[in-house]
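See structure below.
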Protein chains: 2
Amino acid sequence: MLPTIAWRGRYVIMIDQRKLPGQEVYVRCRTYIQAAQAIEKMVIRGAPAIGIAAAYGVVLGAMSLRGETGRSMARDFEKVFRRLERTRPTARSLFWALERMRAVYERTREAGLRAIRAALLEEARTIEREDAETNRSIGRHGQALLRDGWTVLTHCNAGALATAEYGTALGIVRAAVAEGKSIRVLADETRPFLQGARLTVWELDRDDIPAVLITDGMAGWMMRRGEVDAVVVGADRIARNGDTANKIGTYSLAVLAKENGIPFYVAAPVSTVDPAVADGGGIPIEERGPEEVREIGGRLVTLPYVEVRNPAFDVTPAALITAIVTERGVCRPPYEKSLRP
Amino acid sequence: MLPTIAWRGRYVIMIDQRKLPGQEVYVRCRTYIQAAQAIEKMVIRGAPAIGIAAAYGVVLGAMSLRGETGRSMARDFEKVFRRLERTRPTARSLFWALERMRAVYERTREAGLRAIRAALLEEARTIEREDAETNRSIGRHGQALLRDGWTVLTHCNAGALATAEYGTALGIVRAAVAEGKSIRVLADETRPFLQGARLTVWELDRDDIPAVLITDGMAGWMMRRGEVDAVVVGADRIARNGDTANKIGTYSLAVLAKENGIPFYVAAPVSTVDPAVADGGGIPIEERGPEEVREIGGRLVTLPYVEVRNPAFDVTPAALITAIVTERGVCRPPYEKSLRP
C-alpha cells in the first residue's frame, strides 16, 4: 500500500509529494507547525490526505503542551487549531477533520492532558482508517459506472496519494480493474504542480494500471476524437447543490465532456460536502504564489517579473456533473436531494 | 523589430525559439538541410515563419548546386523540395511557400543556375515582405473587434516570432494598442513547448503591452469568472469550410468561449486556407515525440517510460469560430463563402 502518511508514535511521517517521482523522500513532522507547513507547501496534498495530516497535527500540538490546564490550555489548543485551519482554504476535508478533532477536545478537556492526547490520537487514527474504508466504498459504487475496455480521463491526483489509501477517482478505477475490467487512464499532467505527471502516473505504474500522459490542453481534443469514455475526478469541496470545487482545470474538462457527450463523474467522501455552502459561489478559492506558474521544478520558464494568476481550484457547476459518487452510492441530480445527509 | 528570421547573403539567421526567453541565441543555417532541421526541431516555429524559413531553405539548396543542368539539376531541386516538405505536416504556409518557390523554379529552370538562384531569392524575400504587410492588414481589420479596456486571451504564440514580424493574433492586439486602446493579454503558457510562457510573454514585454501568464487549465475558469472579453488565436491550416487547425488546446478554448458567450477569433493570412481541404477531417495532425511531454526544459517530470500522446495541433470546428480575420478583412460564417479566393 502507498505510504501517503503514517503515525509513528511521536511524529507523523509523509512521503514528500513535491519530489515524486524522481525521488522517494519522507518528511517527519514532529510539531504541529511542521505539519501545518507540510500542508501549506504541498509536501502532502489532496483533500482527504490534508484532513488526516491536520488531524495528526492536532495530536502533535497536544503532545507539545506541558501540564497546562484550564484557560492556558484552552488558549494553546486554540492556537493549534487556528494554525492548522489557515493552511489551505478550499478543501472541506481539512475543516471537517479539524471540527472532529475539536469536538473530541471539547468532550475530553476536563479529563486531563493525558486523556485528551489519547482521545485525539484515537480520533486521528479513526479519521485515517475511515478514509481508507470510505474510498473502498466509493470504488465499489463507482466501478459499476465504468465498462470493460474504457479509457478514463482524470485530472490532478485523486488517488492513494491524495487519501489515506486507495484513492477516490483512482479508487473507482482500481475497483473496476479488481472486477476484471480492462481500464486505461488518460492522465492530465495538471500544471502548475504536475500532480498528474508526477503522482497519478507513478501510483498507477506501481499498480500496473495502464496510464497515458497528456498535457492539459490535449484533453479536449482527445474527447473530440472519441478517445475518452468517461471523466472521473476528485473534489475539494462540494456545495449543497452539487457545485464542485476541484483542481484548476476541472471546470474546463466538465464543459468539454458535456460538449462531447461524455459522462463526467466526481468521486469524493460525503465529508467533502459543505453543509454551510449553498452553491459554488460560497466556496473560497485559494490563489497561490506566482512562482508555481513562472517555474517548473524550480526552473524559470518565463520572464521572472511577468504578472501571473494562479487560482489553485475552480468550481464546476452541478449541471455539468453526471453523478457524484460517495461512500453511500452514486448520487444523481438534483444533488440538493441526493447529497442530503 | 523582432529578429525572427533574416537573410544574410550566404546564410539565413534565426533566433533560437527553444532558448527564449532565458537566452537570446541566433542560429545560422548555411544549407537547406540545416534549414529543414531548424524547422523540425522548432528553432523556428509559427506557420508563416516556417513558410519563410522553407523558402530561404530552397534558396540555400539552389546555392549548393554546382553547375548542373537538365535532369541532374531537376533531380537535385526535387530532393531539396522534398526534404523541406517533410519537415512538419500541418502548417499550410509551409506548403504554400514551397509551391510558390517551385513555381518560380519551374518558370526559370531553362535560364541557368545563376538566374534561377536570383529568382528564388527574390521570391523568398517577397514572401517575407508580403507576410509583414499581410500582418499589418490583419491587425488593421482585426483591431476594430477589440474594445478599449478589454482582456484578450491568446494561446501559443501567434506574434512577431511566428511570422516575418508584427504577428497575426498579436498583430491585432498591437494594432488595437496603436489605436490608443488599452488591451491586456492573458497568455496561456501552452504546454508542451511553452510558447505562451516563453515567447508571447517575452515579445509583449518588449512592446510594453501588459501580459498576464496562466497555465492552460486556468483559461476556462478565467472565462467563467468574466475575466476574458475575447479569445484571439492564430491558425496553422484552415479548411474551405472554416474548420481551423491550430496549436493543441485551441479547440478547448473555442468550446469554453462558446459556453461563456465570449467571441472567438482566428487571425491568419489567406494563404493559411487550404483550397484542397473541404473540412477539418482532411487536415493532417502532427504527433510529435514523447519527450516533449515527459520533459520540461530537458528535465524529466514523470516516469521516463510512461506512455504519452503528443498531438501538436487540434481542429476547431468552424461553428465555434466567431470570425476569421485575414488581410482581406473580417470573414464571418458561412466561411465557404467569406473565405473564397
Side-chain angles (χ1 to χ4, degrees), chain A residues 21-22 155 186-192 194 196-198 201-202 205 210-225 227 247-256 258-260 285 290 292-294 296-297 299-303 305-311 313-315 317, chain B residues 21-22 155 186-192 194 196-198 201-202 205 210-225 227 247-256 258-260 285 290 292-294 296-297 299-303 305-311 313-315 317:
Chain A
H155 191 64
L186 203 55
D188 277 357
E189 67 174 8
T190 319
R191 276 279 288 152
L194 295 170
R198 300 190 305 96
V201 161
W202 183 74
D205 180 66
V212 178
L213 179 64
I214 56 172
T215 66
D216 304 322
M218 292 173 192
W221 180 238
M222 290 293 150
M223 293 190 214
R224 169 96 180 156
R225 297 204 6 141
E227 300 192 30
K247 181 51 54 194
I248 187 74
T250 303
Y251 162 70
S252 297
L253 295 181
V255 170
L256 287 156
K258 186 186 93 174
E259 170 83 6
N260 289 285
I285 298 295
E292 289 184 353
V293 174
R294 288 186 196 135
I296 301 178
R299 261 167 63 175
L300 200 63
V301 295
T302 185
L303 297 178
Y305 48 82
V306 66
E307 197 188 325
V308 157
R309 290 294 304 277
N310 187 16
F313 304 94
D314 58 27
V315 177
Chain B
H155 191 64
L186 202 54
D188 276 356
E189 68 173 8
T190 318
R191 276 278 289 149
L194 295 169
R198 300 191 304 98
V201 161
W202 182 74
D205 180 66
V212 178
L213 179 64
I214 57 172
T215 66
D216 304 321
M218 292 172 192
W221 181 237
M222 291 291 150
M223 294 191 212
R224 169 97 180 158
R225 297 205 6 144
E227 300 193 30
K247 180 54 54 194
I248 188 75
T250 303
Y251 162 71
S252 296
L253 295 180
V255 170
L256 288 156
K258 187 186 92 176
E259 170 82 6
N260 290 285
I285 299 295
E292 289 184 352
V293 174
R294 288 187 196 135
I296 300 178
R299 258 166 64 174
L300 201 62
V301 295
T302 184
L303 296 179
Y305 48 83
V306 65
E307 196 187 327
V308 158
R309 290 295 302 277
N310 187 14
F313 305 93
D314 58 28
V315 177

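Residue numbering restarts at 1 for every chain, and letters A, B, ... go by the order of the sequence lines.
Counting heavy-atom pairs closer than 4.5 Å to chain A, the top-ranked of the candidates Ala197(B), Gly249(B), Pro192(B), Pro210(B) is Ala197(B). Ranked by heavy-atom pairs under 4.5 Å with chain B, the list Leu186(A), Thr250(A), Ile285(A), Val315(A) is led by Val315(A). For chain A, the option among Glu259(B), Glu292(B), Arg294(B) with the highest count of heavy-atom pairs below 4.5 Å is Glu259(B). Across Ala187(B), Pro311(B), Ala211(B), Pro317(B), the residue that shares the most heavy-atom pairs under 4.5 angstrom with chain A is Pro311(B). In terms of non-hydrogen atom pairs under 4.5 Å with chain B, the most contact-rich of Leu194(A), Thr215(A), Asp188(A) is Thr215(A). Note: Val255(B) leads Asp216(B), Ile214(B), Val255(B) in heavy-atom pairs under 4.5 Å with chain A.
Distance check, rounded to the nearest 0.5 Å: OG1 of Thr302(B) to CG of Leu213(A) gives 5.0 Å. Here the CZ-CE distance, from Arg225(B) to Met218(B), works out to 12.0 Å after rounding to the nearest 0.5 Å.
Proximity to chain A is absent for every atom of Lys247(B), based on heavy atoms less than 4.5 angstrom apart. In this structure, the portion of Glu227(B) lying under 4.5 Å from any heavy atom of chain A is its side chain and not its backbone. In this structure, the portions of Arg191(B) lying under 4.5 Å from any heavy atom of chain A include both its backbone and its side chain. Contacts of Val308(B) with chain A are made by both backbone and side-chain atoms, with heavy-atom separations under 4.5 Å. For Val293(A), the parts lying near chain B are the backbone and the side chain together; criterion is any non-hydrogen pair under 4.5 Å. With a 4.5 angstrom heavy-atom cutoff, Met222(B) touches chain A only via side-chain atoms.
Considering only heavy atoms from C-beta on, Asp205(B) stays 4.5 Å or farther from Val306(A) through its side chain.
Under the rule for a side chain to side chain contact (heavy atoms under 4.5 Å, CB included), the partners of Pro21(B) that lie at least two apart in sequence or sit in another chain are Leu303(A), Arg198(B), Trp202(B).
Judged by distance alone, the side chain of Asp314(A) and the main-chain N or O of Trp221(B) form no donor-acceptor pair under 3.5 Å. The closest donor-acceptor contact from the side chain of His155(A) to the backbone of Ile248(A) lies under 3.5 Å.
When all heavy atoms of Ser252(B) and Gly217(A) are compared, the pair lying nearest together is OG-O, 4.0 Å.
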